[in-house]
Amino acid sequence: MKCILNIASFALLITACSPVKQNVRDTKLLGFKYNYCAPNVPYLKQGALSKDTIDLKLTQTNISPRDQLICRILGVSKDIDGLWKLNRAGGKDNTADKVYLRQKISNKILLAQTQLQAVAAELDCEGERADMAATYLDALNSKRNTKLTVGSVILGALTTVATAVISNNGVQNTVGISGGLISAGLGAMTINPKGREVEFEHAHNLLRSIWTEPETNTDYPEFVWEMLHEKKFSNQGNVTLSESVKRRWIQFQFDGKIDPEQEALLFGSGGFYGADDLHTRASMINQLQSSVRSLNQELTGLIGFVANME
């Protein structure tokens, strides 16, 4: 029996980490906790773009329906109409008015672009943060599995040697069975390891609003929110970009159904993440970021239209 205990103790010693290394790891894991990607000032307080209160038709200007929709979201329909009328009137005495309207329209387009870039930057930062934490946990889990594998191999070898040198059949059988069970247990831990976890906070969670579809927007700049929730900006025109992103998450990240515990973790304010959930979060963020960046393409047509208004 003493021999069995010595074998088991040796195997556990092989797989253990030193206290000094453990403290270093815990310090690094704590560094992933706080969300340094969230804006210091909420987007809704950084300068809002107000939609048109009156649905002004701009068909006489030959603007595309898509660009007219953007004008309505930006709140520049009246300015576009005014600039078109000034250009039609001709004359040099209205040059200052035209410059003023162009500048007013350009400022709102610039603010919209800035808001898109700000959200994309936060998503980029959040994706990198999740990837970095996941990669660090992957490395820890890989080292853990390597130690467990080495411990299992050495334990198996020691058990074989012990059974060979012990002459008592009863003790020999006991050592062989015990060593085999311990070795099998170590091997099983490498097949389905729980792995380490890291505390990962995200009180400002841009994924949450896409998933829950709240009636009132609290997380995005109003322009970005409106663009994400306008069906005409999707490829097929029958669902919003927000809904399209959510459908991809359900299909590709959750295989059609999400576990309630995972749902609370990913779309809440954070908690203890394993490497797999961090990889999932990073993938979801990257998908959303791509959709947000694509909205810049929608502004290109409007910029060109305004530039060519003479």
Hey, mind stepping through Asp138 and His279 against side-chain hydrogen bond (donor to acceptor under 3.5 Å, both in side chains) and telling me if it holds? CA-CA 10 Å; Asp138 283 338; His279 283 303; 2.7 Å; yes
(Q) Under the criterion side-chain hydrogen bond (donor to acceptor under 3.5 Å, both in side chains), I'd like the reasoning laid out for Asp81 against Gln60: C-alpha separation, chi angles, the key distance, then a yes or no. (A) CA-CA 9 Å; Asp81 183 61; Gln60 76 279 6; 2.7 Å; yes
task: Go through the steps for Asp277 and Arg281 under the test salt bridge (charged side-chain N to carboxylate O under 4.0 Å, His left out), then give the verdict.
output: CA-CA 6 Å; Asp277 283 331; Arg281 178 172 175 80; over 6 Å; no
Could you go step by step and tell me if Glu122 and Tyr43 meet the side-chain hydrogen bond (donor to acceptor under 3.5 Å, both in side chains) rule? CA-CA 11 Å; Glu122 180 181 351; Tyr43 291 128; 2.6 Å; yes
Test salt bridge (charged side-chain N to carboxylate O under 4.0 Å, His left out) on Lys104 and Asp79; report intermediate values, then the result. CA-CA 8 Å; Lys104 189 176 178 182; Asp79 300 320; 3.4 Å; yes
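Ion pairing between Glu243 and Lys246 fails under the 4.0 Å rule for side-chain N and carboxylate O. A salt bridge is defined here as a Lys NZ or Arg NE, NH1 or NH2 lying under 4.0 Å from an Asp or Glu carboxylate O, and Lys57 with Asp55 meets this definition.
Residues Asn94 and Leu86 come closest through the heavy atom pair ND2-O, 3.1 Å. Between Gly127 and Ile285, the closest heavy-atom pair is N-CG2, 3.8 Å. Of all the heavy atoms in Val198 and Ala133, the pair that sits closest is CG1-CB, 4.4 Å.
Environment of OH in Tyr100: sparse, with no more than 12 heavy atoms of neighbouring residues, nucleotides or ligands closer than 6.0 Å.
Between Gln287 and Gln253, the side chains place a donor N or O and an acceptor N or O closer than 3.5 Å (distance only, hydrogens not considered). Defined by atom type and a distance below 3.5 Å, a donor-acceptor pair is present between the side-chain atoms of Arg248 and Ser244. A donor-acceptor contact closer than 3.5 angstrom links the side chains of Ser242 and Glu213.
In this structure, Glu201 and Tyr34 have side chains that are in contact, with non-hydrogen atoms separated by less than 4.5 Å.
Ring centroid separation for the pair Tyr273 and His202 comes in under the 6.0 Å cut-off. Two rings, from Phe200 and Phe32, have their centers 6.0 Å or more apart.
For the pairing with Leu241, the side-chain contact (heavy atoms from CB on, under 4.5 Å) check across Leu295, Leu288, Val292 returns one residue only, Leu295.
Asp67 places no side-chain N or O within donor-acceptor distance of the main-chain N or O of Phe305, the cut-off being under 3.5 Å. A donor-acceptor pair is defined here as one N or O able to donate and one able to accept, closer than 3.5 Å; no such pair exists between the side chain of Ser283 and the backbone of Thr280.
Atom-to-atom distance recorded for His229:NE2 and Met227:CE is 13.0 Å, nearest 0.5 angstrom.
Note: the hydrophobic cluster containing Leu266 also contains Ile250 (ILVMFWY, side chain heavy atoms under 4.5 Å, direct or indirect links).
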